[in-house]
Amino acid sequence: MTPAELSEALRAVLTSAVEDGTLPVPADALPATVTVERPRSREHGDWATNVAMQLAKKAGMPPRALAEALAARLGEVPGVAKVDVAGPGFLNITLDTAAAGGLARTVVEAGERYGRSEALAGQRINLEFVSANPTGPLHIGGVRWAAVGDSLARMLEASGADVAREYYFNDHGAQIDRFARSLLARAKGEDAPEDGYGGQYIADIAAQVLADAAAAGEPDPLSLPDDGAQEAFRARGVELMFAEIKQALHDFRVDFDVYFHEDSLHRSGAVEKAIARLRELGHVFEADGAIWLRTTDFGDDRDRVIVRSDGMPAYIAGDLAYYLDKRERGFDRVVIMLGADHHGYIGRMMAMCAAFGDTPGVNLEILIGQLVNLVRDGEPLRMSKRAGTIVTIDDLVGAVGVDAARYALARSSADQSIDLDLDLLSRSTNENPVFYVQYAHARTANVARNAGDLGVRREDGFDPSVLDHVSESTLLAKIGEFPRVVAQAAELREPHRVARHLEEVAGAYHKWYDQRRVTPFGDEDVTDTHRTRLWLNDATRQVLANGLGLLGVTAPERM
RNA sequence: GCCCCCGUAGCUCAGUGGAUAGAGCAUCGGACUUCUAAUCCGCAGGUCGCAGGUUCGAAUCCUGCCGGGGGCGCCA
């Protein structure tokens with residue numbers, strides 16, 4: 001019996017109690033899903049619910065009295081061995097060993113589908129993340145969002161949502177001009193401009209632009225007048241830089257459905273259209289020669305310029321048009337992941353959303369993630385694009401590999417700033433928890449191979465009543481909670497929850513492995529005990545594989 | 001000055017109002033002639049930053065303060 005099935009059984013008990021008057025509350029007062037949790041202490045049974053305490057006030061009954069009434073009915077449910085009322089009104093439920101163990105078969109039969117749900121079915125979600133400027137290689141901060149964003153996308157999809165991964169390609173404006181001037185200067189053998197970019201990659205790309213032009217039989221860009229030369233370096237340089245970022249992300253197992261060019265919003269007239277819409281809605285005014293959006297009407301702390309007094313659209317104008325474009329493409333939920341250094345945008349972005357008549361927090365969600373700090377020898381490392389002292393995605397992946405990098409970045413809450421010690425990472429020691437989880441998976445695969453070699457076959461028998469050891473109860477519980485953890489991670493936009501849960505599953509598996517043996521000794525006969533344990537072994541393997549898949553981390557068969 | 005995030009075991013961090021606050025790492029002591037010891041078992045380790053409040057119940061929610069980090073342009 002899965003916790004979800006137990007939850008349904010509880011709800012049926014509640015419904016019947018309402019119908020015959022035992023529980024004097026209206027039917028719509030019942031929670032849609034009854035929360036069933038694994039109690040902290042083993043003495044409190046297999047599962048517990050606080051539903052009696054939640055309903056006590058509405059029913060006008062003492063929580064314990066209500067719990068007693070429910071306990072009697074719940075005890076009648078097939079598979080439920082014992083129900084106790086404890087503390088202020090908890091219902092502590094103990095399952096028959098066989099009913100609890102049945103989960104192993106459920107998981108194996110569900111296979112890759114175990115952990116998937118329809119919790120977010122019908123939602124069309126646009127998830128924008130990374131969106132780094134193509135003025136340099138993807139740095140460590142962007143890599144965090146690549147890992148977290150892609151994992152979140154996988155979990156949203158597993159929960160039934162229709163998800164588009166989107167990268168906003170900022171190829172318009174002053175930063176790109178600075179990038180182009182830096183390339184040009186380097187090609188001429190000059191120092192980088194005061195406000196430009198430095199680093200070896202600038203030299204590499206400048207050389208590549210020259211080589212490409214020569215190979216194509218085009219005139220040497222350096223022979224052009226400065227304007228033309230800068231444009232040649234801009235066009236080709238951005239293309240090269242972006243291709244490099246895209247390739248690095250692909251190698252990181254992150255592929256976007258849409259790479260959206262900011263420039264296209266300006267060329268297509270989408271910016272003007274968005275401003276016109278806001279003007280019609282009466283949220284635009286002019287002052288000091290500029291055009292403003294009255295975001296203070298919607299909670300922002302100051303109004304925002306959308307067209308500067310020199311006639312150029314401000315940066316936010318692109319955001320207005322981009323948001324509108326996403327909505328018009330049919331996404332009812334626009335989710336944007338930003339670094340903590342952009343948290344100041346939330347107010348204006350939410351105000352913009354409201355100005356268009358949408359609901360902030362529903363149609364537009366902004367997820368803020370804290371920064372990644374780099375540490376070497378215990379000293380914080382200052383990074384500067386201009387000086388070229390940046391740690392790129394390739395540096396990180398080269399040091400620890402994709403699996404460890406993705407896992408390390410995805411296992412912490414995005415609210416938490418994280419320190420990555422470069423020495424530790426470059427030593428590639430075994431301190432990374434990804435190995436703990438992957439090793440557990442490799443072990444399940446090894447056990448299954450050995451069992452197969454010795455003639456243990458699942459299809460020959462399944463007797464869940466033999467799964468009576470405490471390590472089996474614990475492992476079954478961890479496996480049983482997996483679907484709820486995935487759905488919760490998707491709904492809360494907190495993919496790290498899945499990683500943490502996998503660590504618990506792995507821990508429970510390792511303990512079980514030490515206590516119970518799947519394969520027969522020597523000339524021992526194969527019994528249902530071996531077969532049933534193989535079901536549990538394989539169920540664990542499935543959960544670890546599904547979970548690692550949600551994190552974009554491989555599940556090795558051998559290590 | 002205003003805004004955001006953080007403060008939990010020696011370290012790194014889990015814990016979206018529930019029971020005796022957990023894990024990994026580090027330290028110390030144990031367990032491999034039979035499924036992988038990248039594992040497991042045990043010991044030890046805590047004023048959940050401080051002070052109030054909300055309620056049957058607060059690490060969790062609210063207010064104030066302290067400490068650390070980040071941000072507040074007609075830049076992008």
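Naming: A, B, ... by sequence-line order, numbering from 1 per chain.
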Listed partners of R38(A) passing side-chain hydrogen bond (donor to acceptor under 3.5 Å, both in side chains), at least two apart: S473(A)

P spacing across the pair C48(B) / A59(B), given as an integer number of angstrom: 8 Å

Touch class at under 4.0 angstrom, heavy-atom based, for D288(A) against every strand present: base

Listed partners of K82(A) passing salt bridge (Lys or Arg N to Asp or Glu O under 4.0 Å), at least two apart: D84(A)

Partners meeting salt bridge (Lys or Arg N to Asp or Glu O under 4.0 Å) with R64(A) (sequence neighbours left out): none

Pairwise C1' distance, U39(B) and C32(B) [rounded to whole Å]: 10 Å

Rounded distance in Å between the P positions of C4(B) and G46(B): 34 Å

Side chain to side chain contact (heavy atoms under 4.5 Å, CB included) partners for D303(A), two or more places apart: F285(A), W292(A), R294(A), T295(A), T296(A)

Gap between atoms CG and C1', on D538(A) and C35(B) respectively (whole Å): 13 Å

Distance, P atom - from A44(B) to U34(B), rounded to whole angstrom: 31 Å

Atom-pair distance (CZ on F435(A); P on C25(B)), nearest Å: 14 Å

Interatomic distance where CD belongs to E503(A) and P belongs to G15(B) [whole Å]: 12 Å

Rounded C1' spacing from G15(B) to G7(B) in Å: 15 Å

R304(A) vs C75(B): side-chain N/O to OP1/OP2 distance below 4.0 Å: no

Sugar-phosphate, base or nothing in reach of A451(A), heavy atoms under 4.0 Å: nothing

Results of ring pair (Phe, Tyr, Trp, His ring centres under 6.0 Å) for H496(A) - residues two or more places apart only: none

Same-atom distance (P) from A9(B) to U60(B), integer angstrom: 15 Å

F169(A): ring pair (Phe, Tyr, Trp, His ring centres under 6.0 Å) partners, not counting sequence neighbours: F242(A), H261(A)

d(CG, D419(A); P, G70(B)) in whole Å: 12 Å

Using a cutoff of under 3.5 Å, can you pull out all pairs of nitrogen or oxygen atoms linking the protein to nucleotides 1-6 of chain B, with atom names and distances?
| from | atom 1 | to | atom 2 | distance (Å) |
| --- | --- | --- | --- | --- |
| C3(B) | O2 | H343(A) | NE2 | 2.8 |
| C4(B) | O4' | H343(A) | NE2 | 3.4 |
| C5(B) | O4' | Q370(A) | NE2 | 3.2 |
| C5(B) | O2' | D415(A) | O | 2.4 |

Results of side chain to side chain contact (heavy atoms under 4.5 Å, CB included) for D341(A) - residues two or more places apart only: L371(A)

Whole-Å distance separating the CG atom of D300(A) from the P atom of G73(B): 11 Å

Spacing of F285(A) atom CZ relative to C74(B) atom P, expressed in whole Å: 11 Å

Over 12 non-hydrogen atoms of neighbours within 6.0 angstrom of CE in M559(A): yes

Pairwise C1' distance for C61(B) and U27(B), with rounding to whole Å: 38 Å

Which atom pairs link the protein and nucleotides 17-22 of chain B when you take only N or O atoms and keep those under 3.5 Å?
| from | atom 1 | to | atom 2 | distance (Å) |
| --- | --- | --- | --- | --- |
| G18(B) | N7 | N50(A) | ND2 | 3.3 |
| A19(B) | OP2 | R40(A) | NE | 3.4 |
| A19(B) | OP2 | R40(A) | NH2 | 2.9 |
| A19(B) | N6 | N92(A) | OD1 | 2.8 |
| A19(B) | N1 | N92(A) | OD1 | 3.1 |
| A19(B) | N1 | N92(A) | ND2 | 3.1 |

Listed partners of K511(A) passing side chain to side chain contact (heavy atoms under 4.5 Å, CB included), at least two apart: none

Ring pair (Phe, Tyr, Trp, His ring centres under 6.0 Å) against Y439(A), all qualifying residues, sequence neighbours excluded: H510(A)

Integer-rounded Å distance: G15(B) P and K478(A) NZ: 13 Å

Touch class at under 4.0 angstrom, heavy-atom based, for A174(A) against every strand present: sugar-phosphate

Heavy-atom pair of closest approach, residues D528(A) and D460(A): OD1-O, 4.0 Å

Same-atom distance (C1') from C25(B) to G45(B), integer angstrom: 14 Å

D300(A)/R304(A) ion pair, N-O < 4.0 Å: yes

Protein and nucleotides 39-42 of chain B: nitrogen or oxygen contacts under 3.5 angstrom:
| from | atom 1 | to | atom 2 | distance (Å) |
| --- | --- | --- | --- | --- |
| U39(B) | O2' | R443(A) | NH1 | 3.0 |
| C40(B) | OP1 | Y436(A) | OH | 2.6 |
| C40(B) | O4' | D514(A) | OD2 | 3.4 |
| C40(B) | O2' | D514(A) | OD2 | 3.0 |

Sugar-phosphate, base or nothing in reach of R533(A), heavy atoms under 4.0 Å: nothing

